[in-house]
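What you see below is based on every heavy atom in this structure, not just the backbone, and it leaves out hydrogens, waters and symmetry mates. Numbers here are sequence positions counted from 1.
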Amino acid sequence: MGPWPLAGDRRRPGPPRARLQLVLAGEEDEPPEAVLVHCAGTENPLWTVEGVYD
């Protein structure tokens with residue numbers, strides 16, 4: 001499962017991009033959280049959260 005590089009997408013010119021699905025550890029009494037994040041750029045990458053899974 002990922003990362004999925006998106007650099008070959010000719011429809012969207014610009015810096016290289018990738019998406020990652022992450023599982024974030026919760027606190028002692030809380031369950032982990034799953035998120036989908038997107039990264040654009042290489043020198044100063046911009047990471048954004050695109051979704052949170054239930």
Query - Atom of P45, atom of C39 and distance for their closest heavy-atom approach - result: CB-SG, 3.6 Å
Query raised in the report: Any salt bridge (charged side-chain N to carboxylate O under 4.0 Å, His left out) pairs touching residues 34-49, not counting sequence neighbours?
Result: none
Requested in this report: Could you list the residues that satisfy salt bridge (charged side-chain N to carboxylate O under 4.0 Å, His left out) with E30, not counting sequence neighbours?
Outcome: none
Query - Cluster overlap L24 with V37, hydrophobic side-chain contacts below 4.5 Å - result: yes
What pairs of donor and acceptor atoms, side-chain ones from residues 47-54 against any protein atom, are under 3.5 angstrom apart with sequence neighbours left out?
from, atom 1, to, atom 2, distance (Å)
E50, OE1, R19, NE, 3.0
Y53, OH, Q21, NE2, 3.1

Requested in this report: Would you check if L20 and L36 make a side-chain contact, meaning some heavy-atom pair closer than 4.5 Å?
Outcome: no
